[in-house]
Structures are given as C-alpha cells and as structure tokens.
Amino acid sequence: MRYTDFTPFDLVLLAQGLGVSVALFLGTSLIGLFIGILWAVVRFYRVPVLLQIVTFVSELLKNSPVLVQLFLVFFGLPALFHIRITPVTAATITLSANTAAFVYVIAVSAIESIGRDQIEAARVFGLTRWQVLRHVVAPQAMAFAIGPLIALLVNQLQVTSLISVIGVVDLTKIGNILNLRTLKPFIVWTAVGLLYYATAKLVALLGTRFENRLRAHSAWRGL
C-alpha cells in the first residue's frame, strides 16, 4: 500500500475515534457537573474544613494546565502509590476534576447572583436551608448558569483532544495515525477539525435549545 492511499475503512476509524471522544466527553461532563454542584452546595452551607479543601482544590485545578494534570494522574499517581492506571481512567479522572472546578465557579456565581432578601424571606416563612436551596436558589441559579455551562461544555469537548498524548485512541489519535500513514496532513487534519467543529456546534445547539426552554419555563413561573 502506498503512503498516499486512503481506504473506506479510514472513515470507520474516524467514526470510532469520534465515538471515544464523545463518550469520554459525556461521561466526564456528567461526573464533573455532579462534583462541581456538590462543591457549590458545600460552599452554600459553609461546611467547616470541607469548604477550605474544596476552595483549594478548585483553585489548583483552574489555574494549572490540563496537560500537566493529565501527566500527573497518568505518570505521577502510579509512581507515588504503586498502582496501575489505564489511559482511559487517567483521562476520566483528569477531565472530570477539571470540569468540576469550573462548574463549581459557575455554580457559586449563580448562587451569589440571587438576592439575599429572597433567601432571608424564605427562612422567615419557615423553610429549612435545604428547602431554600431546592425551591428558591436552585431554579434561579440554573437559569443564570446555563449559558456559561454551555460555553464550558463546548470548551471541554475541545480539551478532550489532549488525551491522545497518553495513548487514548480518540479522534485526535486516529488523525495522527492516518496522517503518518497517508502523509496528507492537510486532508487528515481538516477532516478531524471539521468533526470536532460539527460536534461542538451540536453541543451548542442542544444547549441553546435547553436554555430557551428553561428561560421560558422560568418566565412562566415568574422566576
């Protein structure tokens, strides 16, 4: 086979690589959303000790390169604790933690955007702190945070391209393999870039539709 040959199977490889990227993106986004919101709840309740730990960890994750975090998890943790971590596990841990740090910032900003008078009024009417969080804070905070969250998810989809450096056979890794085999970098990387672009546009479109429905529902409820 000449180096310049493309085969129909290359399309299958690109589709498989895209599937790996999307699967990791969806999984780590859900984990990151859960952890980030949990951290924001810790901030809302001002839990002693946990609040300081959450603040420190989120600052560390926000202000350090994702690639360094990836290397630290994949190479550093096995050397330190003498454990075996697969590339997919390392990618899942790193991307989930990084997403959680930024979700935490967005959630805290959304919570703090709500007037304290509403929270105090709810407490006067006898609502517990959990009821205040669920019925007063959460609906308004979600409407405030949905826009930044969509932008974050689009960015995190692009960040998944970094995981190829530790051996995860994602879309970028497949692109690199095809590039080395065909020696046609312009065609290969254009195709890879277009696939990332189309996926990001789909995420943004679905997020925007969800945001419009949420805002319409919030307006109907008078929030």
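Worth knowing before you read on, the calculation uses all heavy atoms, side chains too, and leaves out hydrogens, waters and symmetry mates. Predicted model, so just to flag it, every value in this text is computed and none were measured.
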Testing Leu13, Leu195, Val22 for side-chain contact (heavy atoms from CB on, under 4.5 Å) with Leu171, which one passes?
Leu195
Are Ile35 and Val47 grouped together when hydrophobic residues (ILVMFWY) are joined by side-chain heavy atoms under 4.5 angstrom apart?
yes
Rounded distance (nearest 0.5 Å) linking atom CZ of Phe102 with atom CG of Leu149:
12.5 Å
Of all heavy-atom pairs linking Trp39 and Ser58, the shortest is CZ3-CB, 4.3 Å
ILVMFWY cluster, Val54 and Leu60 together (side-chain gap under 4.5 Å):
yes
Inter-residue atom distance Tyr196.OH - Ser21.OG, 0.5 Å rounding
4.0 Å
Is it the case that more than 12 heavy atoms not belonging to Tyr197 sit under 6.0 Å from its OH atom?
no
Looking at CZ of Phe75 and CD1 of Ile85, how far apart are the two atoms once the value is rounded to the nearest 0.5 Å?
11.0 Å
Crowding at NZ, Lys62 (>12 non-hydrogen neighbours, <6.0 Å):
yes
Please report the closest heavy-atom contact between Leu70 and Ala90, naming both atoms and the distance.
CD1-O, 4.0 Å
Phe71 versus Val165: any side-chain heavy-atom pair under 4.5 Å?
yes
Interatomic distance, CZ@Phe210 vs CG@Leu205, rounded to 0.5 Å, equals 14.0 Å
Is Ile166 reachable from Val159 through a run of hydrophobic residues whose side-chain heavy atoms are each under 4.5 Å from the next?
yes
Taking it one step at a time, do Asn176 and Thr172 satisfy side-chain contact (heavy atoms from CB on, under 4.5 Å)?
CA-CA 6 Å; Asn176 189 46; Thr172 302; 5.8 Å; no
Spatial distance of atom CZ (Arg46) from atom CD (Gln52) [nearest 0.5 Å]:
10.0 Å
Look at the side-chain heavy atoms of Ile, Leu, Val, Met, Phe, Trp and Tyr, link any pair under 4.5 Å apart, and say whether Leu11 and Leu194 land in one connected group.
no
Test item: Ile111 and Arg43 side chains (from C-beta on) under 4.5 Å apart, heavy atoms
no
Does atom OH of Tyr45 have more than 12 heavy-atom neighbours from other groups under 6.0 Å away?
yes
For Lys184 against Asn179, the heavy-atom pair lying closest together:
C-OD1, 4.0 Å
Taken to the nearest 0.5 Å, the spacing of Leu38 CG from Tyr104 OH works out to 11.5 Å
Residue pair Val108 / Glu112, side-chain heavy-atom distance below 4.5 Å
yes
Mind listing the closest non-hydrogen atom pair of Phe25 and Val203 along with its distance?
CE2-CG2, 3.9 Å
When hydrophobic residues are tied together by side-chain contacts of less than 4.5 Å, even through go-betweens, does Val192 share a cluster with Leu178?
yes
Val73 and side-chain contact (heavy atoms from CB on, under 4.5 Å): which partner among Ile93, Thr92, Val68?
Ile93
Please name the pair of heavy atoms, one in Ala145 and one in Pro148, separated by the smallest distance, quoted to 0.1 Å.
O-CD, 3.2 Å
Check for a donor-acceptor pair, side chain of Asp10 on one end and backbone N or O of Thr7 on the other, with a separation under 3.5 Å.
yes
Check: Val169 and Val20 side chains under 4.5 Å, non-hydrogen atoms:
no
Among Ile146, Leu152, Leu153, which one satisfies side-chain contact (heavy atoms from CB on, under 4.5 Å) with Ile150?
Ile146
By the side chain to side chain donor-acceptor pair (under 3.5 Å) test, which pairs, at least two apart or in different chains, include something from residues 154-166?
Asn98-Gln156, Thr99-Gln156
Work out which heavy atom in Ala91 is nearest to a heavy atom in Ile163; give both atom names and the distance.
CB-CG2, 3.7 Å
